[in-house]
Amino acid sequence: MKISRREFVGRGAALGAVAAVGLRGVAQTAAGVSIRAAGAGRGILAGCAVSVRALRGDAAYKKLLEEQVGIVVAESEFKFGPLRPSPTTYFFEDADFLAAFAEANGMKLRGHNFVWHRQLPKWFDGYVTKENAKQVLVEHIEKVGGRYAGKIHSWDVVNEAIQVSDGLPGGFRDSPWQKVLDGSGTVPEYIAVAFRTARRVDPKAMLVYNDYGIEGEDEGSAKKRAAVMGLLREMQRQKIPLDALGVQSHISAVGKDGRVPVYGAGLMAMIAEVRKMGLKVLVTEMDVNDRYVAAEIGARDAAVAQMYGSYLGTVLQDSAVIAVLTWGITDKYTWLNGEDSRTDGEKERPLPFDAAMQPTAAFAAEVRALQGAPVRG
Ligand code: 9MR
């Protein structure tokens with residue numbers, strides 16, 4: 001496998017992380033070392049997405065979160081569908097449960113998300129029309145944003161609005177919200193309405209545009225980055241409130257072609273542009289899939305850890321990046337388990353703790369990357 005200098009440097013850093021803690025020491029140190037503390041030392045918030053169902057039912061998972069994280073986000077429970085059993089009713093029990101957990105443990109809480117093309121309720125189609133769409137959207141944000149106002153660090157106001165292959169001007173996704181509100185402007189109406197309403201109902205929350213597929217050096221990522229930057233610039237020009245870009249960071253240890261993907265130059269240029277616009281950046285949903293790494297667990301964990309080290313070691317160099325969240329904390333609960341993505345039938349190992357909630361080399365690599373980041377102002 002051919003690797004670039006950048007990857008080589010990243011690889012060294014990750015292996016160094018494992019060596020520094022010691023292979024057995026990874027497990028021993030986890031109790032005393034946390035990603036929360038590692039991040040806090042540099043002014044970076046570090047945490048993860050949480051499954052509220054697991055938080056309610058799995059004491060070991062709850063304990064791990066309490067030990068490790070400084071910021072949490074619900075994996076699903078703040079989304080439109082889960083919150084809206086019917087057009088006139090709301091289900092807040094699970095979201096409230098996480099909000100209370102965060103508050104009790106002094107953790108910051110993210111909101112994810114007000115607007116997305118997925119996890120919409122079944123009643124959406126048929127009920128939401130061109131006539132009532134704006135009202136439905138505004139009411140939703142008023143009700144949900146209002147309930148948690150003052151308690152939310154940052155809201156993913158709009159999630160994944162760019163899909164260049166849909167062929168719309170500006171690269172916008174042909175989403176259900178795009179269809180029912182005016183999509184003809186350089187900023188679709190649903191996006192403008194969502195951000196303006198979010199600012200009004202929760203002026204303290206940082207307002208984030210969140211997307212995936214903008215991390216790589218491939219042509220698809222480059223095109224998507226350009227479209228996202230177009231959106232962010234238009235939002236600023238039109239004075240639509242916006243504070244940060246969320247870079248989801250669902251990345252790969254090894255690509256389908258068997259090569260180690262390169263993350264770096266294009267993404268860092270984008271982050272620098274975002275910083276110059278006066279905006280912050282959050283790594284919102286990081287995980288490293290190992291679906292194309294051969295079966296041996298040691299090799300898989302090493303490849304995943306190398307990627308944690310090189311990716312975070314690179315991205316955290318820019319002080320605009322103020323938070324790192326992984327999409328889950330243990331391989332026991334990862335959305336990638338539902339993907340059945342490994343052809344050998346094995347489960348993936350994409351997170352800093354394995355399914356037995358023991359720290360992996362990725363944990364050491366994440367801690368090391370946080371500790372090595374420049375201190376934020
Ligand atoms: O992890 C989430 C999974 O449990 C849900 O079933 C899924 C529904 O589409 O959404 C997953 O989370 C996604 C997140 O909300 C937005 N970015 C991609 C995440 C992984 O698919």
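Just so you know, ligand 1 is whichever comes first in the structure, and atom 1 is the first atom listed for that ligand.
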Stepwise side-chain contact (heavy atoms from CB on, under 4.5 Å) test for R173 and V164: CA-CA 7 Å; R173 183 185 292 278; V164 177; over 6 Å; no
Test log, rule side-chain contact (heavy atoms from CB on, under 4.5 Å), inputs K62 and F101: CA-CA 9 Å; K62 179 168 175 273; F101 174 75; 3.9 Å; yes
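Residue E285 approaches ligand 1 through these ligand atoms, each under 4.0 Å from one of its heavy atoms: 14 (C), 16 (C), 17 (N), 18 (C), 19 (C). Ligand 1 places these atoms under 4.0 Å from at least one heavy atom of E160: 16 (C), 17 (N), 18 (C). Heavy-atom contacts of R118 reach the following atoms of ligand 1: 9 (O) (cutoff under 4.0 Å). When each atom of ligand 1 is checked for a heavy atom of N159 under 4.0 Å away, the hits are 16 (C). Every atom of ligand 1 with a heavy atom of Q248 under 4.0 Å away is listed here by number and element: 17 (N), 18 (C). Each of the atoms 18 (C), 19 (C) of ligand 1 lies under 4.0 Å from some heavy atom of H250. Close contacts of ligand 1 with W335, meaning ligand atoms under 4.0 Å from a residue heavy atom, involve 1 (O), 20 (C), 21 (O).
Checked against a 6.0 Å centroid threshold, the rings of F124 and W177 count as neighbours. Ring to ring, Y148 and F78 are close: their centroids are under 6.0 angstrom apart. Ring centroid separation for the pair F80 and F114 does not come in under the 6.0 Å cut-off.
Within the structure, salt bridge (Lys or Arg N to Asp or Glu O under 4.0 Å) pairs that include any residue of residues 127-142 comprise E142-R200 (at least two apart or interchain).
The protein heavy atom nearest to atom 11 (C) of ligand 1 is K79 NZ, 3.7 Å. Ranking protein heavy atoms by distance to atom 6 (O) of ligand 1, first place goes to Q119 NE2, 4.4 Å. Given atom 12 (O) of ligand 1, the protein heavy atom at minimum distance is W327 NE1, 3.3 Å. Summary of contacts: the protein heavy atom closest to atom 1 (O) of ligand 1 is E75 OE2, 2.4 Å. Atom 13 (C) of ligand 1 has as its closest protein heavy atom W116 CH2, 3.8 Å.
Between R110 and the choices V208, I152, V72, the side-chain contact (heavy atoms from CB on, under 4.5 Å) rule is met once, by V208.
The residue Y212 has no part lying near ligand 1, judged by heavy-atom distances below 4.0 Å.
Here I71 is tied into one hydrophobic group with L45, V73, L325, W327, W335, L336, each link being a pair of ILVMFWY side chains closer than 4.5 Å.
Classified by interplanar angle (parallel below 30°, tilted 30° to 60°, perpendicular above 60°), the ring pair Y90/F92 is parallel.
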